[in-house]
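Reviewing the structure listed below.
The basis for the numbers below is simple: all heavy atoms, side chains too, and nothing from hydrogens, waters or symmetry mates. Just so you know, these numbers come straight off a predicted model, no measurement behind them. Here is the naming used below: chain letters follow the sequence lines, and residue numbers restart at 1 for every chain.
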Protein chains: 2
Amino acid sequence: MPTIRRKSASPARGKAAPDAPREGSSTCPSAARAPLRDSPWRASRERLRDRQIKREAVIRAAAHAFNRKGYHNTSLDDIAAALEVSKPTVYYYVSNKEQLLFECFVAGIEPIRAAFHEARLMKAPARERLKAVLRHYGQAVASEFGWCMVRAEDQDLSPAMSGHIKALKSEIDQGVRRLLREGMQDGSIHACDPKMTAFALAGALNWIAHWYRESQSLSGAQIAEAFISVFESGLTPRPCTESAGPPRHVSARLAR
Amino acid sequence: MPTIRRKSASPARGKAAPDAPREGSSTCPSAARAPLRDSPWRASRERLRDRQIKREAVIRAAAHAFNRKGYHNTSLDDIAAALEVSKPTVYYYVSNKEQLLFECFVAGIEPIRAAFHEARLMKAPARERLKAVLRHYGQAVASEFGWCMVRAEDQDLSPAMSGHIKALKSEIDQGVRRLLREGMQDGSIHACDPKMTAFALAGALNWIAHWYRESQSLSGAQIAEAFISVFESGLTPRPCTESAGPPRHVSARLAR
DNA sequence: CATGCATCATACTCGTGGGTAACCATCCTA
DNA sequence: TAGGATGGTTACCCACGAGTATGATGCATG
């Protein structure tokens, strides 16, 4: 009964650099570049653009599937089926499942980075800038990529990817802390421990990804607004301020 | 990530029992029942208790592994190896992997339910009762079962288990909302949307499980305290401070 | 001693799913 | 019009891990 488990020396993994289709990734530079009506390379460029579109469709399909069934419960066959193509086609656009998750993560977190950038240009007390960021943050978490952004576990990723993701997350975290500190300095934010406060804010918003479904009656923006009003005023009633604010969260204009 | 098939690394694996982390765990049904010191069934009862202890050790080991590597990245072989037994031994104490997760979940959520029970006996404004609950909540999330409690995805579980878990989670959620409403009535809590506020509170606390590791300098209780103070007073400075206490956690550290 | 139960190990089965090899179709370019 | 890039398919490989069949061991009992 020779049923010894095959322990073939080193299976497969010999192929260094499987990095298949060299993808620029995350850049769509030559979009509205120049007309060049009938250059002989026009077709080539169009193909390239097509490819990018398809690639993004793959990413979105993956995000959708992860969103519904979780990373581990989603097979690449599922994703392929959702796109009505075969599995190798998916592999034609993305090198492996891990990268798929990573791309979803980046797609989710990018708007938040943009929000920080935008806030940096605002001329307003730090609390207002923080609020602006949190608004975008909440919407990002409620977006189709929210799940991937929030639930991408480092445990599921190679050390390299995990490192990238940690760095991006840390950037966001540090940005929130910085705004908190600035707010404490310009007097627009109550004295607090920036680290813990940032954790609390981010946690509450991140958690949206666990319960929010597109079908919900509230939009991501509305939820973000509601959360912000909670954070802003806190649970304790304010004795000598206008407490006449409407109780519902829909009162975006609660700003004092 | 090939799991090395370790063999023979455990010499004379006869007895010695696993770590056996003691800990009666609050469930000693027939403890103070009757003396019967030398009943012929005494041995039998002792075996039963031993079994219970071992079973709990399995659960703890599972929680530990899930905590570190995630549910899907933990094989039952891993858990067995951590206990220095074989896989069928694990199956001897628990029927399948799903149940293992479920048990961890219950172990994590039980203290929170207890906290609600306790709070119900308190004679204090609702805000104080809520704070008491949140304190326990935060500690539970930071506990060894926190991961399982918070990250047990319904996607990973059969509909039946998923239903149980959802029910338990909903119970907690409703409890928080109720306290919020009570607080709004007795005037100890600022007017707010109880649903959204409960989501924000639970989210912030749940998220602790994502970043907290036992090794951290802060204990679960300290973190819970810090969060509570954030929620309590909010970000906006209070003009006529009725002092919600000094700024907690003086670890200001403006470095970086 | 024999019987039965409790406990645990060895050694398997088997479905699933990530990833690949090989091959095919079409269009662009030389 | 050949030859290659591009985009896609079918059919496979195979590691992994959940779960199990079978049986060994030890201990209490009758």
Side-chain angles (χ1 to χ4, degrees), chain A residues 1-8 10-15 18 20-22 39-55 57-58 62 65 69 71-81 83-101 156 158, chain B residues 1-8 10 12-18 39-51 53-55 58 62 65 69 71-81 83-101 156 158:
Chain A
M1 269 299 208
T3 47
I4 303 304
R5 209 162 276 263
R6 289 158 175 283
K7 206 52 172 166
S8 64
S10 62
R13 278 295 65 89
K15 293 200 148 184
R22 244 318 273 127
S39 151
W41 285 278
R42 225 181 70 105
S44 159
R45 277 190 290 104
E46 269 175 12
R47 267 211 319 271
L48 210 65
R49 207 203 40 176
D50 274 12
R51 185 189 167 86
Q52 187 60 25
I53 287 176
K54 291 188 187 173
R55 189 182 143 89
V58 171
K69 316 200 308 180
Y71 179 70
H72 287 283
N73 297 316
T74 297
S75 74
L76 284 179
D77 280 307
D78 292 337
I79 297 171
L83 292 164
E84 296 185 287
V85 295
S86 64
K87 186 165 58 171
T89 299
V90 173
Y91 275 95
Y92 181 71
Y93 290 99
V94 69
S95 62
N96 53 33
K97 195 181 179 183
E98 178 182 57
Q99 197 200 353
L100 214 38
L101 179 57
D156 300 333
S158 69
Chain B
M1 228 183 290
T3 58
I4 308 301
R5 231 158 256 274
R6 288 258 257 149
K7 269 197 62 147
S8 75
S10 51
R13 203 48 270 127
K15 283 299 168 103
S39 148
W41 283 278
R42 225 180 71 105
S44 158
R45 277 190 291 103
E46 269 174 12
R47 268 211 317 273
L48 211 65
R49 207 203 40 175
D50 274 12
R51 186 190 166 85
I53 287 174
K54 290 187 187 174
R55 188 182 143 90
V58 170
K69 316 200 308 180
Y71 180 70
H72 287 284
N73 297 317
T74 297
S75 74
L76 284 180
D77 280 307
D78 291 338
I79 297 172
L83 293 164
E84 292 184 282
V85 296
S86 65
K87 187 165 56 172
T89 300
V90 173
Y91 276 95
Y92 181 70
Y93 290 100
V94 65
S95 63
N96 53 33
K97 194 181 179 183
E98 178 181 56
Q99 196 200 351
L100 214 38
L101 180 57
D156 300 333
S158 69

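Side chain of Lys87(A) to main chain of Ser75(A): no donor-acceptor pair is present (N/O by atom type, distance under 3.5 Å, no hydrogens or angles). Distance alone, capped at 3.5 Å, is enough to place a donor-acceptor pair between the Asn73(B) side chain and the Lys69(B) backbone.
As rounded to whole Å, 18 Å separates atom P of dG26(D) from atom CG of Asp50(B). Tyr91(A) places its OH atom 12 Å from the P atom of dA21(C), with the value rounded to the nearest Å. Residue Tyr71(A) contributes atom OH, which lies 10 Å from atom C1' of dG18(C) at whole-angstrom precision. Nucleotide dC16(D) holds its C1' atom 11 Å from the NZ atom of Lys97(B), rounded to whole Å. Atom NE2 in His72(B) sits about 13 Å away from atom C1' in dT16(C), given to the nearest Å. Following rounding to the nearest Å, Ile53(B) (CD1) and dT7(C) (P) show an atom-to-atom distance of 12 Å. As a whole-Å value, the separation of Asp78(A) CG from dG17(C) P is 7 Å. Rounded to a whole Å, the CG atom of Leu100(A) is 14 Å from the C1' atom of dG17(C).
Distances shown here put a side-chain N or O of Ser86(B) below 4.0 Å from the OP1 or OP2 atom of dA9(C). A close approach under 4.0 Å does not occur between any side-chain nitrogen or oxygen of Arg51(B) and OP1 or OP2 of dA6(C). For dA9(C), the OP1/OP2 oxygens have no side-chain nitrogen or oxygen of Tyr92(B) closer than 4.0 Å. Of the side-chain N and O atoms in Ser75(B), none sit less than 4.0 angstrom from OP1 or OP2 of dC16(D).
Among the nucleotides dT10(C), dG18(C), dT9(D), the one closest to the side chain of Pro88(B) is dT10(C). Checking dC8(C), dG19(D), dT6(D) against every side-chain atom of Asn96(B), the shortest atom distance belongs to dG19(D). Which of dG7(D), dG19(D), dG19(C) sits closest to the side chain of Tyr93(A) comes down to dG7(D). Of the candidates dT7(C), dG18(C), dA11(C), dG18(C) carries the atom nearest the Leu76(A) side chain, counting heavy atoms from C-beta on.
A donor N or O paired with an acceptor N or O is not found under 3.5 Å between the base of dG7(D) and the side-chain atoms of Lys54(A). For a distance-only test at 3.5 Å, the side chain of Lys87(B) fails to qualify as a donor-acceptor partner of the base of dG17(D).
Heavy atoms of Ser95(B) sit nowhere under 4.0 angstrom from any nucleic acid atom.
Judged purely by distance below 3.5 Å, without hydrogens or angles, the side chains of Tyr92(B) and Arg55(B) never pair a donor atom with an acceptor atom.
Residues Tyr71(B) and Lys97(B) form a side-chain contact, since some pair of their non-hydrogen atoms from C-beta on lies under 4.5 Å apart.
Residue Val58(A) forms a side chain to side chain contact (heavy atoms under 4.5 Å, CB included) with just one option from Thr89(A), Val85(A), Leu83(A), and that option is Leu83(A).
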